[in-house]
Amino acid sequence: MNSMRRFLCLVLAIAAIVPVLGGCGVGTTQQENNRQISRVADYDARMMVDDLALFFQTRRPLRASKWIID
């Protein structure tokens, strides 16, 4: 009985950890995953422009904001 309990705990732990390690979106469609990836790439591109503006001391206005508008 004790070995069966350990086996079930191991199976439950694997079932809980594998989706997280696999990087798959649990409960999301492929379109939602693609939209999230493109949104993150857009945010990174906008932040890169602001970072370069600060690094090179250009006088362009920053678009940085603590509020994320989606």
Among N2, L8, L10, side chain to side chain contact (heavy atoms under 4.5 Å, CB included) partner for R6 =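 Only one option passes, and that is N2.
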Checklist entry - What closest approach, in Å, do Q57 and L54 show between heavy atoms, and which atom pair accounts for it? => result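 For Q57 versus L54, the nearest heavy atoms are NE2-O, 3.1 Å.
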### Query
Any side-chain heavy atom of Q31 within less than 4.5 Å of one from R35?
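Side-chain contact under 4.5 Å: no.
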- Message: Looking at E32 and T29, would you say the former's side chain and the latter's main chain have a donor-acceptor pair under 3.5 Å?
- Response: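 Such a contact is found between E32 side chain and T29 backbone.
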Practice item. Using a strict 4.0 Å threshold on nitrogen-to-oxygen distance, state whether D42 and R46 make a salt bridge. Key: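 Looking at R46 together with D42, the answer is yes, because their closest N to O distance falls below 4.0 Å.
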*asked:* For residues M48 and F55: do they belong to one hydrophobic cluster (side chain heavy atoms under 4.5 Å, members Ile, Leu, Val, Met, Phe, Trp, Tyr)?
replied: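 Linked, M48 and F55 end up in one cluster.
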